[in-house]
Amino acid sequence: MSADNLDGLEQRIRQRENMRNHPLHTAPIADVKINGNIPNTPLTASLISFLLGCVFSLGLFLFLVGGISSHWWATYQLGFFLAAWSAFHWGEFAVAAGWNLEKCSVDSFLLDNGSMYHIANGSAVVEYLITLYFKPEFKSHTWISFTGIIMVIVGQALRSIAMIHASTNFSHTVAYQKRAAHRLVTDGVYAWFRHPSYAGFYYWAVGTQLVLQNPFCFVFFICVLWRFFYYRTRAEESYLVKFFGEDYVNYRSRVRTWIPFVP
């Protein structure tokens, strides 16, 4: 290899190393595992944001105009679901980028969230469309959808506020080791909810099924989410007890999760 080629190779290596300090680089500084199934680059992050924005705009339009009567599937309920779903995933990345940059990566969109998550949301849309096509009267209970809309908004707000308030103490994955800057957050929204981000997502997800008036997926979501959060909180709290000892034990004894049947 010639001297010019060697100089060029060394220059490219230095450029890649310098990218770690670039404000648009999405590689987390903290020791956070990246799944690697989605390219962890600013280009990918911007593309995902654009696509989520398109879905959000379409959904919000359908919701605001009350649906399009000439298209049987283009209802305000489906529009709200699409807007809520896309806003949730964009918001996860946005909050991480704004208040938890050291752990921010393309995985912060939570789109690589396991096959079960996508199967559940896909099943919700399928149930809604099939029922709407054959039995549209089953989707005509406006008060049920309105209740779901309120739950989605409140759940989203609760989760985002919790993530912002916890800042760098929040993680999308269970922390197995205590970092030097890790502190126990017990004020703000955490004074009322022991796991406010989990409670927020629980009510957000269940609320989406009320918006769509999906009886089968409503029950399915409740069962799956209960199982997930029950075992997730048990595992996470075992580590929190190790990290913070009696402080966390006392906190746990006085603050509830407010997730049904998750103590």
Side-chain angles (χ1 to χ4, degrees), residues 32 84-85 87-89 91-96 99-100 103 107-110 113-114 116-117 119-121 124 144 147-179 181-211 214 217-263:
V32 177
W85 180 85
F88 168 78
H89 286 287
E92 292 293 294
F93 182 87
V95 171
W99 288 270
N100 199 4
K103 297 176 186 173
D107 285 349
S108 299
F109 283 106
L110 291 190
N113 207 18
M116 181 56 70
Y117 173 78
I119 290 173
N121 283 286
I144 295 179
T147 302
I149 289 171
I150 297 300
M151 288 179 62
V152 168
I153 294 173
V154 172
Q156 180 67 72
L158 177 60
R159 180 172 175 86
S160 297
I161 290 171
M163 292 172 60
I164 291 171
H165 186 69
S167 187
T168 58
N169 296 285
F170 179 86
S171 178
H172 277 126
T173 58
V174 176
Y176 300 103
Q177 293 182 336
K178 184 176 183 293
R179 296 180 297 111
H182 194 179
R183 70 178 183 89
L184 178 61
V185 182
T186 60
D187 58 342
V189 70
Y190 286 84
W192 301 94
F193 294 83
R194 194 161 79 243
H195 296 283
S197 64
Y198 293 166
F201 181 79
Y202 177 88
Y203 291 108
W204 176 91
V206 172
T208 61
Q209 300 314 296
L210 288 179
V211 172
N214 283 343
C217 281
F218 176 76
V219 175
F220 175 71
F221 270 48
I222 287 178
C223 294
V224 170
L225 288 170
W226 172 84
R227 185 179 186 279
F228 175 79
F229 286 128
Y230 179 85
Y231 290 104
R232 174 77 171 234
T233 56
R234 300 286 76 76
E236 182 172 325
E237 290 184 357
S238 66
Y239 287 103
L240 289 170
V241 170
K242 292 180 181 178
F243 297 165
F244 302 106
E246 286 297 317
D247 288 340
Y248 188 80
V249 173
N250 294 333
Y251 171 70
R252 182 174 60 184
S253 67
R254 69 176 186 269
V255 179
R256 298 173 56 182
T257 65
W258 293 103
I259 301 174
F261 306 109
V262 177

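Values reported hereafter were calculated over all heavy atoms of this structure, with side chains retained and with hydrogens, waters and symmetry mates removed.
Separating the CD1 atom in I161 from the CD atom in Q156 is a distance of 10.0 Å, to the nearest 0.5 Å. Remark: F201 CZ to F228 CZ distance equals 8.0 Å, nearest 0.5 Å. Here NE2 of H172 is found 10.0 Å from CG of D107. Values are rounded to the nearest 0.5 Å. We find the OG1-CZ distance between T208 and F221 to be 5.0 Å, quoted to the nearest 0.5 Å. Distance check: D187 CG to W192 CH2 gives 13.0 Å after rounding to the nearest 0.5 Å. Here the CG atom belonging to L158 is positioned 13.0 Å from the OH atom belonging to Y198, to the nearest 0.5 angstrom.
Looking only at distances, a side-chain donor or acceptor of S167 sits under 3.5 Å from a matching main-chain atom of W99. In this structure, the side chain of H195 does not engage the main chain of T257 through any donor-acceptor pair within 3.5 Å. Between the side chain of K103 and the backbone N or O of T168 there is at least one donor-acceptor pair closer than 3.5 Å. At least one donor-acceptor pair closer than 3.5 Å links the side chain of T233 to the backbone N or O of Y230.
Looking at P263 and R234, their side chains come closer than 4.5 Å, going by heavy atoms from C-beta outward. Within the 4.5 Å cutoff, the side chain of V249 has no heavy atoms near those of the E237 side chain. Between W204 and R159 the shortest side-chain heavy-atom distance does not fall below 4.5 Å. Residues M163 and N100 fail the side-chain proximity criterion, which asks for heavy atoms closer than 4.5 Å. Contact annotation: the side chain of W226 never approaches that of I259 to less than 4.5 Å [non-hydrogen atoms, C-beta and beyond]. V219 places none of its side-chain heavy atoms less than 4.5 Å from the side chain of Q209. Residues Y190 and Y251 are in side-chain contact: their nearest non-hydrogen atoms beyond the backbone lie under 4.5 Å apart.
Residue T173 comes nearest to R232 through the heavy atom pair CA-NH2, 3.7 Å, listed as atom of the first residue, atom of the second, then distance. In plain terms, the two heavy atoms of F109 and H89 that are nearest each other are O-ND1, 2.8 Å. Contact detail for I149 and V211: the closest heavy-atom pair is N-CG2, 3.4 Å. Minimum interatomic distance between V185 and A166 (heavy atoms only, all atoms of both residues): CG2-CA, 4.4 Å. A84 approaches V152 most closely through the heavy-atom pair CB-CG1, 3.8 Å. Annotation for V189 and A162: closest pair CG1-CA, 3.9 Å, computed over non-hydrogen atoms.
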Going through the distances and angles, do F88 and L110 end up as a side chain to side chain contact (heavy atoms under 4.5 Å, CB included)?
CA-CA 9 Å; F88 168 78; L110 291 190; 4.2 Å; yes
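For L184, the side-chain contact (heavy atoms from CB on, under 4.5 Å) partners are T186, F244, D247, Y248, not counting sequence neighbours.
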